[in-house]
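Presented below is the structure to which this report refers.
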Number of protein chains: 2
Amino acid sequence: MTCPQPLRIGEILQKAKAVIPSIDQATVYRNIKRLVEQGWLLKITHPLAGTMYERSGKEHHHHFYCRKCDSVFELPGCGINDEHVALAGMTVEDHEVFFYGVCHECSQHLQRT
Amino acid sequence: MTCPQPLRIGEILQKAKAVIPSIDQATVYRNIKRLVEQGWLLKITHPLAGTMYERSGKEHHHHFYCRKCDSVFELPGCGINDEHVALAGMTVEDHEVFFYGVCHECSQHLQRT
DNA sequence: ATGCAAGTGCAAAAGCATTATCATTTGCAA
DNA sequence: TTGCAAATGATAATGCTTTTGCACTTGCAT
């Protein structure tokens with residue numbers, strides 16, 4: 001089963017328990033660790049959402065965080081050019097971009113003032 | 001005194017102790033907290049370097065992290081256009097970009113193989 | 001059936017960054 | 001000098017995430 005958004009440990013645990021109610025967090029941690037080591041999962045440390053994981057092998061992309069519903073969405077594409085940083089004499093190997101704001105759904109549930 | 005790079009708690013503590021050797025971490029935490037609340041400092045949660053702080057009021061910019069020496073540098077400017085994300089129906093309020101690689105200094109201390 | 005390696009559940013522990021407590025100290029005004 | 005509010009030092013405690021030890025299961029080959 002594939003998941004379009006990165007998941008937090010808590011969400012993974014929750015989903016795991018939905019399938020195997022008796023499963024323990026230690027087991028989940030152990031397996032996630034192995035999956036990361038073996039390259040199946042990528043670990044993401046999100047400034048606001050904390051540690052998350054997503055399947056590896058996806059196209060280069062970034063993430064959007066909704067401050068209202070506290071969830072993370074994948075965004076296709078990337079407009080970043082690593083080269084321009086080289087000006088400062090640094091060698092850029094990669095980068096991450098985090099967008100913050102309000103997601104589509106939340107912006108429809110606006111509160112009247 | 002101004003500092004061109006964001007600092008980690010540990011570095012702040014270290015610098016503080018250099019000036020006032022008896023200073024305690026609790027005091028440093030308390031004062032950082034107040035400085036953030038009053039808007040003098042900005043808190044940055046860096047995926048690899050952890051929690052850092054920098055003076056507020058700077059021009060919009062991003063950061064480069066050197067994997068060799070484990071330090072963070074400020075990069076001037078920004079090529080990100082928040083608008084393009086709106087395609088997905090989201091309202092982007094702001095963003096952060098983290099670059100990773102090897103800094104100028106470290107790339108000169110390359111090891112022969 | 002037996003044995004063994006790998007995988008689990010459970011509970012405790014370890015690591016952290018951060019905060020709370022409280023007695024003591026400092027700066028400053030009366 | 002006295003008094004008081006605010007700041008500090010030192011330490012313990014908190015909250016969270018992640019890891020470990022250990023006994024118990026499971027799957028699979030012998």
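Each chain gets a letter, A, B and so on, in the order its sequence line appears, and its residues count up from 1.
If you check residues 28-41 of chain A against DNA chain D, the residues with a heavy atom closer than 4.0 Å are Tyr29(A), Arg30(A), listed by number.
Using a cut-off of 4.0 Å between Lys/Arg side-chain N and Asp/Glu carboxylate O, Arg8(A) and Asp70(A) are scored as salt-bridged.
Taken to the nearest 0.5 Å, the NE2 atom of His63(B) stands 8.0 Å off from the NE2 atom of His46(B). Atoms CD and NZ, from Glu54(B) and Lys43(B) in turn, are 13.5 Å apart once rounded to the nearest 0.5 Å.
Look at CG on Asp24(B): it is 14 Å from C1' on dT25(C), rounded to the nearest Å. If you take NZ of Lys17(A) and C1' of dC10(C), they are 11 Å apart, rounded to a whole angstrom. Atoms CG (Leu13(B)) and P (dT19(C)) sit 14 Å apart, rounded to a whole Å. In this structure, the CD atom of Gln25(A) is 16 Å from the P atom of dA14(C), given to the nearest Å.
Under the side chain to side chain donor-acceptor pair (under 3.5 Å) criterion, Glu93(A) pairs with Arg67(B), sequence neighbours left out. Evaluation of the side chain to side chain donor-acceptor pair (under 3.5 Å) rule for Asn31(B) yields Arg34(B) as partners, not counting sequence neighbours.
When hydrophobic residues (I, L, V, M, F, W, Y) are linked wherever their side-chain heavy atoms come within less than 4.5 Å, Leu42(A) remains an isolated member. Ile44(B) shares a hydrophobic cluster with Ile44(A), Leu48(A), Met52(A), Tyr65(A), Val72(A), Phe98(A), Tyr100(A), Leu48(B), Met52(B), Tyr65(B), Val72(B), Phe98(B), Tyr100(B); the chain of contacts runs through ILVMFWY side chains whose heavy atoms sit under 4.5 Å apart.
Counting non-hydrogen atoms of other residues, nucleotides and ligands closer than 6.0 Å to CD of Glu59(A) gives a total of 12 or fewer.
Put simply, chain A comes within 4.0 Å of DNA chain D, heavy atom to any atom, from dT17(D) to dG21(D), going 5' to 3'.
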